[in-house]
2 protein chains.
Amino acid sequence: MTIQEAARRSGLSAHTLRYYERIGLIHTVGRNGSGHRDYDEQDLEWLAFLTRLRSTGMPIADMCRYAQLLRAGAHTAEERRRMLERHREKVAARIAELTQDLSALDYKITIYRETA
Amino acid sequence: MTIQEAARRSGLSAHTLRYYERIGLIHTVGRNGSGHRDYDEQDLEWLAFLTRLRSTGMPIADMCRYAQLLRAGAHTAEERRRMLERHREKVAARIAELTQDLSALDYKITIYRETA
DNA sequence: GTTTGACTTCGAGCGCACTCTAAGGGCGAC
DNA sequence: GTCGCCCTTAGAGTGCGCTCGAAGTCAAAC
(Lines give C-alpha, C1' and ligand atoms only; values in the text may rest on other atoms or scores of the structure.)
Protein backbone atom coordinates (compact mmCIF):
# COMPACT_ATOMS: atom_id res chain seq x y z
CA MET A 1 0.00 0.00 0.00
CA THR A 2 1.17 3.55 -0.71
CA ILE A 3 2.48 5.94 1.91
CA GLN A 4 -0.74 7.95 1.68
CA GLU A 5 -2.83 4.89 2.42
CA ALA A 6 -0.52 3.91 5.28
CA ALA A 7 -0.77 7.46 6.62
CA ARG A 8 -4.55 7.36 6.47
CA ARG A 9 -4.75 4.00 8.20
CA SER A 10 -2.13 4.73 10.86
CA GLY A 11 -3.25 8.26 11.64
CA LEU A 12 0.30 9.52 11.11
CA SER A 13 1.27 11.90 8.32
CA ALA A 14 3.33 10.73 5.33
CA HIS A 15 6.02 13.11 6.55
CA THR A 16 6.06 11.41 9.92
CA LEU A 17 6.20 7.94 8.36
CA ARG A 18 9.31 8.92 6.40
CA TYR A 19 10.77 10.53 9.50
CA TYR A 20 10.17 7.38 11.58
CA GLU A 21 11.93 5.32 8.93
CA ARG A 22 14.86 7.70 8.77
CA ILE A 23 15.51 7.55 12.51
CA GLY A 24 15.24 3.77 12.56
CA LEU A 25 11.88 3.45 14.26
CA ILE A 26 10.60 1.49 11.29
CA HIS A 27 12.96 -0.91 9.63
CA THR A 28 13.28 -0.38 5.89
CA VAL A 29 9.84 -0.54 4.31
CA GLY A 30 9.64 -2.38 0.98
CA ARG A 31 9.83 -0.41 -2.26
CA ASN A 32 7.96 -0.99 -5.50
CA GLY A 33 9.38 -0.78 -9.02
CA SER A 34 9.50 3.03 -8.94
CA GLY A 35 11.31 3.16 -5.61
CA HIS A 36 8.13 4.21 -3.79
CA ARG A 37 7.42 2.82 -0.33
CA ASP A 38 5.04 -0.12 -0.26
CA TYR A 39 3.60 -0.83 3.21
CA ASP A 40 2.11 -4.18 4.23
CA GLU A 41 -0.18 -5.21 7.09
CA GLN A 42 2.75 -6.06 9.34
CA ASP A 43 4.11 -2.54 8.94
CA LEU A 44 0.73 -1.19 9.97
CA GLU A 45 0.61 -3.38 13.07
CA TRP A 46 4.02 -2.13 14.11
CA LEU A 47 2.88 1.45 13.50
CA ALA A 48 -0.17 0.86 15.66
CA PHE A 49 2.07 -0.39 18.47
CA LEU A 50 4.42 2.58 18.09
CA THR A 51 1.46 4.93 18.15
CA ARG A 52 0.33 3.43 21.41
CA LEU A 53 3.75 3.84 22.97
CA ARG A 54 3.88 7.47 21.78
CA SER A 55 0.39 8.22 23.01
CA THR A 56 1.44 6.97 26.44
CA GLY A 57 4.37 9.37 26.39
CA MET A 58 7.30 7.09 25.61
CA PRO A 59 10.13 9.19 24.17
CA ILE A 60 11.16 8.51 20.57
CA ALA A 61 14.64 7.51 21.77
CA ASP A 62 13.19 4.70 23.90
CA MET A 63 11.02 3.50 21.06
CA CYS A 64 14.11 3.39 18.85
CA ARG A 65 15.84 1.30 21.48
CA TYR A 66 12.91 -1.10 21.57
CA ALA A 67 12.88 -1.33 17.75
CA GLN A 68 16.60 -2.01 17.79
CA LEU A 69 16.20 -4.82 20.33
CA LEU A 70 13.37 -6.35 18.33
CA ARG A 71 15.56 -6.41 15.23
CA ALA A 72 18.42 -7.91 17.22
CA GLY A 73 16.39 -11.09 17.68
CA ALA A 74 14.71 -13.35 20.22
CA HIS A 75 17.49 -13.19 22.78
CA THR A 76 16.48 -9.59 23.58
CA ALA A 77 12.93 -10.57 24.53
CA GLU A 78 13.57 -10.25 28.23
CA GLU A 79 15.02 -6.77 27.96
CA ARG A 80 12.06 -5.71 25.81
CA ARG A 81 9.65 -7.10 28.37
CA ARG A 82 11.43 -5.19 31.13
CA MET A 83 11.21 -1.99 29.05
CA LEU A 84 7.47 -2.46 28.68
CA GLU A 85 7.07 -3.24 32.37
CA ARG A 86 8.90 -0.10 33.40
CA HIS A 87 6.87 1.92 30.95
CA ARG A 88 3.69 0.33 32.23
CA GLU A 89 4.47 1.61 35.71
CA LYS A 90 4.98 5.12 34.38
CA VAL A 91 1.65 5.03 32.61
CA ALA A 92 -0.11 3.75 35.72
CA ALA A 93 1.50 6.53 37.76
CA ARG A 94 0.44 9.11 35.19
CA ILE A 95 -3.16 7.86 35.36
CA ALA A 96 -3.09 8.16 39.13
CA GLU A 97 -1.74 11.70 38.90
CA LEU A 98 -4.33 12.76 36.33
CA THR A 99 -7.09 11.21 38.41
CA GLN A 100 -6.02 13.35 41.37
CA ASP A 101 -5.86 16.43 39.19
CA LEU A 102 -9.32 15.63 37.89
CA SER A 103 -10.79 15.67 41.41
CA ALA A 104 -9.08 18.96 42.10
CA LEU A 105 -10.58 20.39 38.92
CA ASP A 106 -14.00 19.05 39.84
CA TYR A 107 -13.73 20.66 43.23
CA LYS A 108 -12.78 24.00 41.70
CA ILE A 109 -15.67 23.79 39.25
CA THR A 110 -18.06 23.03 42.11
CA ILE A 111 -16.98 26.21 43.82
CA TYR A 112 -17.58 28.19 40.66
CA ARG A 113 -21.09 26.71 40.44
CA GLU A 114 -21.92 27.41 44.05
CA THR A 115 -20.64 30.96 43.87
CA ALA A 116 -22.70 31.70 40.77
CA MET B 1 9.70 35.13 50.42
CA THR B 2 12.57 35.06 47.92
CA ILE B 3 12.36 33.60 44.45
CA GLN B 4 14.53 30.67 45.56
CA GLU B 5 12.16 29.88 48.39
CA ALA B 6 9.16 30.20 46.06
CA ALA B 7 10.90 27.93 43.56
CA ARG B 8 11.56 25.33 46.23
CA ARG B 9 7.99 25.41 47.49
CA SER B 10 6.32 25.46 44.08
CA GLY B 11 8.58 22.89 42.44
CA LEU B 12 9.27 25.30 39.57
CA SER B 13 12.69 26.76 38.86
CA ALA B 14 13.45 30.42 39.54
CA HIS B 15 13.97 30.78 35.79
CA THR B 16 10.48 29.44 35.18
CA LEU B 17 8.95 31.74 37.79
CA ARG B 18 10.45 34.78 36.04
CA TYR B 19 9.34 33.42 32.69
CA TYR B 20 5.77 32.92 33.94
CA GLU B 21 5.70 36.49 35.18
CA ARG B 22 7.09 37.80 31.90
CA ILE B 23 4.39 36.14 29.82
CA GLY B 24 1.62 37.33 32.12
CA LEU B 25 0.84 34.03 33.81
CA ILE B 26 1.59 35.57 37.15
CA HIS B 27 0.56 39.15 37.70
CA THR B 28 3.36 41.35 38.93
CA VAL B 29 4.81 39.86 42.09
CA GLY B 30 5.67 42.34 44.84
CA ARG B 31 9.22 43.68 45.09
CA ASN B 32 11.23 44.44 48.20
CA GLY B 33 13.46 47.47 48.75
CA SER B 34 16.19 46.12 46.45
CA GLY B 35 13.78 45.40 43.59
CA HIS B 36 13.87 41.66 44.29
CA ARG B 37 10.71 39.62 43.96
CA ASP B 38 8.90 38.96 47.22
CA TYR B 39 6.35 36.13 46.98
CA ASP B 40 3.48 35.68 49.42
CA GLU B 41 1.22 32.74 50.22
CA GLN B 42 -1.38 33.83 47.69
CA ASP B 43 1.25 33.75 44.95
CA LEU B 44 2.12 30.21 45.98
CA GLU B 45 -1.52 29.11 45.85
CA TRP B 46 -1.84 30.51 42.37
CA LEU B 47 1.36 28.71 41.36
CA ALA B 48 0.00 25.45 42.73
CA PHE B 49 -3.14 25.90 40.66
CA LEU B 50 -1.10 26.72 37.55
CA THR B 51 1.07 23.68 38.15
CA ARG B 52 -1.99 21.50 38.25
CA LEU B 53 -3.29 22.91 34.99
CA ARG B 54 0.10 22.37 33.35
CA SER B 55 0.41 18.85 34.68
CA THR B 56 -2.95 18.06 33.09
CA GLY B 57 -1.68 19.32 29.76
CA MET B 58 -3.31 22.74 29.49
CA PRO B 59 -1.29 24.86 27.05
CA ILE B 60 0.44 27.94 28.45
CA ALA B 61 -1.65 30.14 26.15
CA ASP B 62 -4.88 28.89 27.73
CA MET B 63 -3.51 29.42 31.21
CA CYS B 64 -2.62 32.99 30.21
CA ARG B 65 -6.19 33.47 29.03
CA TYR B 66 -7.51 32.19 32.35
CA ALA B 67 -5.15 34.47 34.27
CA GLN B 68 -6.29 37.41 32.15
CA LEU B 69 -9.95 36.66 32.87
CA LEU B 70 -9.25 36.33 36.57
CA ARG B 71 -7.61 39.76 36.58
CA ALA B 72 -10.51 41.23 34.62
CA GLY B 73 -12.78 40.65 37.60
CA ALA B 74 -15.84 38.79 38.86
CA HIS B 75 -17.89 39.24 35.70
CA THR B 76 -15.64 36.72 33.91
CA ALA B 77 -16.38 33.96 36.42
CA GLU B 78 -18.74 32.13 34.09
CA GLU B 79 -16.24 32.05 31.25
CA ARG B 80 -13.56 30.79 33.62
CA ARG B 81 -15.87 28.05 34.83
CA ARG B 82 -16.60 27.04 31.24
CA MET B 83 -12.86 26.92 30.53
CA LEU B 84 -12.32 24.60 33.46
CA GLU B 85 -15.28 22.44 32.47
CA ARG B 86 -13.97 22.03 28.94
CA HIS B 87 -10.54 21.23 30.28
CA ARG B 88 -12.00 18.76 32.72
CA GLU B 89 -13.52 16.84 29.83
CA LYS B 90 -10.18 16.70 28.07
CA VAL B 91 -8.51 15.35 31.18
CA ALA B 92 -11.22 12.73 31.64
CA ALA B 93 -10.81 11.70 27.99
CA ARG B 94 -7.06 11.47 28.43
CA ILE B 95 -7.47 9.23 31.46
CA ALA B 96 -9.78 6.97 29.47
CA GLU B 97 -7.26 6.79 26.63
CA LEU B 98 -4.36 6.02 28.95
CA THR B 99 -6.42 3.37 30.70
CA GLN B 100 -7.01 1.66 27.36
CA ASP B 101 -3.34 1.91 26.48
CA LEU B 102 -2.48 0.43 29.86
CA SER B 103 -4.56 -2.68 29.18
CA ALA B 104 -2.91 -3.03 25.79
CA LEU B 105 0.49 -2.80 27.44
CA ASP B 106 -0.52 -5.34 30.08
CA TYR B 107 -1.67 -7.70 27.36
CA LYS B 108 1.61 -7.35 25.51
CA ILE B 109 3.58 -7.96 28.70
CA THR B 110 1.51 -11.07 29.41
CA ILE B 111 2.48 -12.43 26.03
CA TYR B 112 6.14 -11.80 26.75
CA ARG B 113 5.81 -13.64 30.04
CA GLU B 114 4.03 -16.61 28.51
CA THR B 115 6.51 -16.87 25.66
CA ALA B 116 9.45 -16.84 28.04
C1' DG C 1 36.53 48.61 50.56
C1' DT C 2 36.34 44.70 47.85
C1' DT C 3 34.82 40.17 47.10
C1' DT C 4 30.98 37.04 46.87
C1' DG C 5 26.77 35.71 45.55
C1' DA C 6 22.01 36.23 44.64
C1' DC C 7 19.15 39.18 42.39
C1' DT C 8 17.47 42.01 38.12
C1' DT C 9 16.10 42.34 32.72
C1' DC C 10 15.98 40.71 28.22
C1' DG C 11 17.17 38.14 24.49
C1' DA C 12 19.17 34.00 22.76
C1' DG C 13 19.45 28.92 22.86
C1' DC C 14 17.76 24.20 23.55
C1' DG C 15 15.35 19.58 23.18
C1' DC C 16 11.73 17.28 21.45
C1' DA C 17 8.86 15.65 17.83
C1' DC C 18 7.61 16.61 14.14
C1' DT C 19 6.72 19.40 9.62
C1' DC C 20 8.01 21.43 5.60
C1' DT C 21 10.96 22.71 1.53
C1' DA C 22 13.96 22.10 -2.32
C1' DA C 23 15.39 19.60 -6.04
C1' DG C 24 14.62 16.01 -8.79
C1' DG C 25 12.25 11.37 -10.74
C1' DG C 26 8.30 8.56 -12.67
C1' DC C 27 3.97 7.78 -14.57
C1' DG C 28 -0.84 8.23 -16.15
C1' DA C 29 -4.14 11.44 -18.65
C1' DC C 30 -4.85 14.32 -22.38
C1' DG D 1 5.16 15.10 -25.39
C1' DT D 2 3.95 17.78 -21.67
C1' DC D 3 1.03 18.66 -17.75
C1' DG D 4 -0.01 17.48 -13.18
C1' DC D 5 0.64 14.97 -9.32
C1' DC D 6 2.68 12.05 -6.15
C1' DC D 7 6.85 10.07 -5.05
C1' DT D 8 12.02 10.26 -3.52
C1' DT D 9 16.07 12.23 -0.27
C1' DA D 10 18.41 15.37 2.78
C1' DG D 11 18.29 19.08 5.33
C1' DA D 12 16.18 23.22 7.21
C1' DG D 13 12.33 25.22 9.87
C1' DT D 14 8.57 25.29 13.50
C1' DG D 15 6.16 25.44 18.01
C1' DC D 16 6.21 24.63 22.61
C1' DG D 17 7.92 25.24 27.12
C1' DC D 18 11.26 26.17 29.18
C1' DT D 19 16.45 27.17 30.19
C1' DC D 20 20.44 29.69 29.99
C1' DG D 21 23.68 33.67 29.42
C1' DA D 22 25.22 38.41 29.52
C1' DA D 23 25.46 42.54 31.72
C1' DG D 24 24.48 45.05 35.48
C1' DT D 25 22.76 46.07 40.66
C1' DC D 26 22.84 45.47 45.46
C1' DA D 27 23.82 43.89 50.17
C1' DA D 28 26.07 41.22 53.47
C1' DA D 29 30.75 38.94 54.75
C1' DC D 30 35.37 39.43 55.46
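Reckoned from all heavy atoms, side chains included, excluding hydrogens, waters and symmetry mates. This one's a predicted model, so the numbers in the text were calculated from it and none came from an experiment. Letters go in sequence order (proteins before strands), and every chain restarts at 1.
In this entry the distance linking NE2 of A:H15 with C1' of D:dG15 reads 16 Å, nearest Å. To the nearest angstrom, C1' of D:dG17 lies 15 Å from CG of B:L53. Atom CD1 in B:I60 sits roughly 13 Å away from atom C1' in D:dG15 (whole-Å rounding). Regarding B:L17, its CG atom lies at a distance of 11 Å from the P atom of D:dC18, rounded to whole Å. Rounding to whole angstrom units, CE of residue A:M58 and P of C:dC18 are separated by 14 Å. Between the CD1 atom of B:I23 and the C1' atom of D:dG15 there is a distance of 14 Å, rounded to whole Å. What separates CG of A:D38 from P of C:dG26 is a distance of 18 Å, to the nearest Å. Taking atom CD1 of B:I3 as the reference point, atom C1' of C:dT9 lies 12 Å away to the nearest angstrom.
For A:Q100, the CD atom sits in a loose shell: 12 or fewer heavy atoms of surrounding residues, nucleotides or ligands are nearer than 6.0 Å.
Residue B:R37 has a polar side-chain atom (N or O) positioned under 4.0 Å from OP1 or OP2 of C:dT8. For the OP1/OP2 pair of C:dC18 and a distance below 4.0 Å, the side-chain nitrogens and oxygens of A:Y20 include at least one atom meeting the criterion. Side-chain N/O atoms of A:R54 include one lying less than 4.0 angstrom from OP1 or OP2 on C:dA17. The side chain of B:R31 contributes an N or O atom lying less than 4.0 Å from OP1 or OP2 of C:dT9. Using a 4.0 Å cut-off, some side-chain N or O of B:R18 falls inside it from OP1 or OP2 of C:dT8. Residue A:Q4 has a polar side-chain atom (N or O) positioned under 4.0 Å from OP1 or OP2 of D:dC7. Listed pair B:S34 / C:dC7 fails the phosphate criterion, with no side-chain N or O lying under 4.0 Å from OP1 or OP2.
Residues A:H36 and A:S13 each lie close to DNA chain C; by heavy-atom proximity, the contact nearer the 5' end of the strand is made by A:S13.
Out of D:dC20, D:dC18, D:dG17, the shortest distance to the side chain of B:T16 is found at D:dC18.
Between A:R18 and A:E21 no salt bridge is recorded (no basic side-chain N to carboxylate O distance below 4.0 Å).
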message: Applying side chain to side chain contact (heavy atoms under 4.5 Å, CB included) to A:R65 and A:E79, what does each step give before you reach the verdict?
response: CA-CA 10 Å; A:R65 170 93 183 124; A:E79 185 166 354; 2.6 Å; yes
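When ring centroids are compared, B:Y112 and B:Y107 stay outside the 6.0 Å threshold.
Taking 4.5 Å as the limit, some side-chain heavy atom of A:R94 sits within range of a side-chain heavy atom of B:L98.
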